Amino acid sequence: MRKVNSQKLTATLISSIGLIGLSGIAIEMFRAQDNLAIAQNTTQATSPILLKYQIIVNSDRDGDIQSDRELTLREAVAIANGSLTLERLSDTERSQVKPLVNQQGSQIGFNLPSDRTKILLSKALPDISSPYLTIDGTTQAGYDSQSSFAQELAIPQPIVEISPADGVEIFRGLTIVADGVTIKGLSIYGFNAIESVPTTTPSADIFISHQAPPPDTTQQQQPAKFSPFYDSNRPPQGVILEANWLGITPTGKMPKQPSSFGVYLFNSTDTLIRRNRIAYHEGSGIVTSVKAIGTQILENAITSNGFDGLPHGIYLEGEIANLSIKGNILCANDGSGVYLFKPKGAIAIENNRILFNDRSTNYAAIYLMGNDHRVTNNQIRNQRGAGVAIAAYPKSDRNLIRKNTFTALKGLSIDLISQRHVNTRDFMTGDGINRPRDSHFRRVDTANGAINAPTFLATTFPMFSTNKVNIDGNADPDTEVDIYRVAGKVDPNLPYGSLSEYLTTVKTDANGKFAVSLNNLQVGDTISAIATDPQYGTSEPAFNARIVNPDLSAPTNENADTTIPACTTPPQIVQTPPPPETIVLSVPRQIHFALDRDAISPTSAKILDRIAEVLKQYPTIMITLEGHTDPRASDAYNRELGFRRSRAVRNYLMRQGIASERMTVRSLGETQRASQGNQATDYARDRRVEIEFTDVRDVEIRFENQESDLQLENK
């Protein structure tokens with residue numbers, strides 16, 4: 001029987017039940033506990049007083065603790081936890097351990113041979129239960145703290161890497177159950193949920209929770225009678241995760257076995273997640289569940305996550321009061337950059353670059369539920385959904401969305417969802433333009449109290465010889481109206497555009513009127529506006545208006561978005577010169593699959609290798625992967641099968657070094673067959689992924705309709 005990833009099953013369950021979140025599932029899972037489970041969570045043995053040591057790991061080996069000439073990471077953690085005494089070590093091992101004085105906690109450093117810096121685990125490491133322990137990969141010889149993989153963020157490349165040994169499946173990398181633990185300068189990847197592990201709390205590279213997390217669901221009894229957490233289940237405080245690469249190898253490649261999640265904050269307070277590179281996870285890069293109060297997520301690169309599960313860069317629920325997301329790059333994740341689901345408490349999202357997310361769906365760049373969130377000064381662009389979508393169910397009010405820049409969005413920059421719209425799509429990207437509020441009841445059935453979008457008094461405003469433009473309009477009384485320039489190509493079929501550049505703020509009077517003179521506009525510019533009322537929050541955008549000459553003639557803003565997708569800029573920029581003449585490429589446009597399968601055959605792999613070489617040679621080419629099926633199943637099943645096939649192609653190309661932000665995943669299911677026959681060959685042609693190529697330069701692409709990898713079903 002094929003093994004089933006329990007994280008994938010969780011993600012499938014979430015998508016099928018819609019409004020039930022991870023923490024809601026977790027609470028229901030762990031609410032019913034028998035007397036043994038209660039005792040496990042309420043009775044804590046008195047912890048011994050731990051001595052503090054400087055411990056140097058000089059072996060990349062792993063296995064059972066034993067007295068020999070090398071000190072392993074497993075032994076170092078056990079020494080710090082107090083479960084391994086120095087008397088059990090050899091003299092050579094004891095020489096790697098020195099007592100520390102006037103230090104809060106023990107420190108684990110590394111002195112590994114230069115050719116043996118990969119620690120391959122044979123089984124899960126012990127939980128880290130030593131308060132204020134530091135595990136510091138930056139101590140390894142050769143670590144360069146001044147380097148970085150990108151110009152935008154200072155995140156050096158780690159040297160010490162921790163992953164499961166080949167053929168070994170391990171549930172978690174590091175599990176932290178103590179206060180003040182610091183994990184620094186490590187590469188941790190390859191930790192995944194598997195069928196043979198009982199259903200407990202989730203898998204992750206780094207998992208943070210109280211000591212002795214809730215028991216296996218196999219020991220629970222119904223009906224549920226007890227809360228899942230008790231007074232003794234105190235969450236770890238002040239954990240620091242800094243300068244780690246999670247889910248990604250030190251070379252920057254996608255590992256053969258991706259991790260389920262990056263950082264999973266199951267139960268924690270005041271965790272600091274700073275300057276980490278978090279990539280290539282099947283689920284989200286950072287997830288909160290029951291409690292993550294005071295978490296600071298600062299200056300991380302959270303990219304290419306969620307390609308086979310919970311699709312968002314950061315997924316937040318549970319108690320998350322005072323959580324801050326600041327200065328991060330959130331790019332090329334399969335869903336939203338940040339997604340909030342029924343949270344308790346307000347958060348701040350500011351000064352982030354949120355771009356090229358939504359690789360396989362139509363999620364908003366930021367999706368909010370709840371009240372009093374602040375989204376300010378973010379750069380949000382290249383999203384197939386809205387920029388910021390705010391749910392109405394549960395009720396979400398007083399969310400302030402100000403001074404952000406939006407570019408190249410398919411949806412509204414800010415979308416306030418109505419309770420009348422509760423389809424799956426509405427809970428992903430928003431429901432489009434709201435009509436003006438026509439009754440008091442709209443205050444309670446629409447996000448942010450149905451605050452009205454501003455309306456300009458004209459669709460065009462003339463520029464006079466003084467280079468000033470007088471703009472006036474209406475909004476809700478006593479609100480602040482932010483005026484924006486709408487940059488890029490404006491779709492003539494849409495009355496709105498992306499709020500690309502903040503210009504100024506003007507306050508409405510008691511009757512809702514506003515007026516302002518601007519001298520930083522040009523003829524041909526398009527403008528829009530949003531209104532903010534502290535009692536209700538920020539509105540959707542106003543319909544566009546244009547700046548024109550007094551004779552009402554003006555050029556249309558036709559600057560198309562030709563941005564080449566890239567999450568980060570390498571330290572040394574390699575300029576791609578424009579081609580001297582038109583380049584003609586000849587590439588295959590599809591690969592094929594076996595009946596009811598999404599596995600890539602060896603023949604198909606060779607075809608994809610050809611495509612990968614073309615994509616490497618021409619970095620301006622972007623592709624869309626469209627999954628197709630034959631017609632012999634339900635529409636819903638075939639749509640999901642098409643997604644599995646297109647994701648399989650995307651994942652294969654990612655492993656060949658193609659950046660995920662250059663690839664978009666779609667499924668057309670059985671809706672566009674390759675042929676209309678009902679023979680085995682016809683069905684084999686239907687089972688395919690077609691590849692659409694686009695290029696911002698002058699490259700002509702000729703497609704090869706190849707069938708060398710057709711897979712006929714067995715009779």
Side-chain angles (χ1 to χ4, degrees), residues 2 4-18 254 258 260 280-284 304-313 315 332-336 339 356-364 367 383-385 410 423-429 589-601 604-605 608 611 622-655 658 660-674 683-692 711:
R2 185 171 64 91
V4 178
N5 185 312
S6 62
Q7 181 268 330
K8 296 177 186 175
L9 293 179
T10 301
T12 302
L13 176 61
I14 293 167
S15 64
S16 65
I17 59 181
M254 180 178 178
S260 293
Y280 297 136
H281 294 91
E282 291 182 340
S284 297
S304 305
N305 298 288
F307 54 81
D308 205 2
L310 199 66
H312 315 295
Y315 179 92
N333 300 290
D334 258 33
S336 298
Y339 193 98
F356 298 110
N357 294 290
D358 183 30
R359 296 288 86 193
S360 64
T361 53
N362 288 322
Y363 282 97
Y367 188 93
Q383 193 85 8
R384 288 194 291 166
K410 296 297 185 184
N423 293 323
T424 300
R425 182 183 179 279
D426 302 323
F427 282 93
M428 293 165 56
T429 187
R589 74 172 307 162
Q590 72 274 105
I591 67 166
H592 298 89
F593 293 84
L595 175 64
D596 201 30
R597 297 291 302 276
D598 58 13
I600 295 171
S601 70
S604 298
L608 292 178
I611 293 171
M622 290 84 77
I623 61 174
T624 298
L625 305 169
E626 295 181 342
H628 298 263
T629 71
D630 69 37
R632 294 173 296 173
S634 68
D635 290 345
Y637 182 85
N638 282 337
R639 179 172 175 79
E640 176 57 30
L641 178 58
F643 265 124
R644 296 207 313 268
R645 287 171 174 166
S646 56
R647 285 171 180 150
V649 173
R650 188 263 307 271
N651 295 350
Y652 183 92
L653 292 173
M654 286 170 64
R655 290 188 173 93
I658 307 304
S660 58
E661 58 266 32
R662 297 174 61 190
M663 299 182 280
T664 301
V665 173
R666 297 177 60 196
S667 173
L668 296 177
E670 62 184 75
T671 61
Q672 292 187 13
R673 296 187 60 192
Y683 292 144
R685 291 189 177 110
D686 292 337
R687 299 190 294 266
R688 69 199 189 279
V689 166
E690 291 198 354
I691 305 171
E692 293 185 358
Q711 299 181 64

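Positions are given from 1, in the same order as the sequence printed here. Computed from a predicted model, the values in this text were never measured in an experiment.
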Side-chain donor or acceptor of Q711 paired with backbone N/O of H592 under 3.5 Å: yes
Nearest-0.5 Å distance, CD1 of residue I658 to CD1 of residue I611: 10.0 Å
Any donor-acceptor pair under 3.5 Å from S646 side chain to E626 backbone: no
Cation-aromatic face contact R650/F307, 6.0 Å, 45 degrees: no
Distance, nearest 0.5 Å, that separates CG of N638 from CZ of R632: 10.0 Å
Whether R687 side chain and R597 backbone form a donor-acceptor pair below 3.5 Å: no
Donor-acceptor contact present, side-chain R639 to main-chain S667, <3.5 Å: yes
Test applied, side chain to side chain contact (heavy atoms under 4.5 Å, CB included); reference residue, E282; option that passes from D334, N305, D308, N651: D308
Plane angle bin for Y363 and H312 - parallel if under 30°, tilted between 30 and 60°, otherwise perpendicular: perpendicular
Spacing of R645 atom CZ and L625 atom CG [to the nearest 0.5 Å]: 14.0 Å
Step-by-step side chain to side chain contact (heavy atoms under 4.5 Å, CB included) determination, M663 to M654: CA-CA 9 Å; M663 299 182 280; M654 286 170 64; 3.6 Å; yes
Candidate pair Y637 and D596, rule side-chain hydrogen bond (donor to acceptor under 3.5 Å, both in side chains), full reasoning: CA-CA 10 Å; Y637 182 85; D596 201 30; 2.4 Å; yes
Taking every non-hydrogen atom, the tightest pair across A648 and D598: CB-O, 3.4 Å
R688 side-chain N/O to D686 backbone N/O, donor-acceptor pair under 3.5 Å: yes
Nearest non-hydrogen partners of S284 and H281, listed with the distance: O-CB, 4.2 Å
N/O donor-acceptor pair under 3.5 Å between D358 side chain and R384 backbone: yes
N357 side chain vs N333 backbone, donor-acceptor pair below 3.5 Å: yes
Interatomic spacing from CZ in R644 to CZ in F593 - rounded to 0.5 Å: 10.5 Å
From D635 atom CG to T629 atom OG1, the distance as rounded to the nearest 0.5 Å: 8.5 Å
Minimum heavy-atom distance S660-A332, with the two atoms named: OG-CB, 3.3 Å
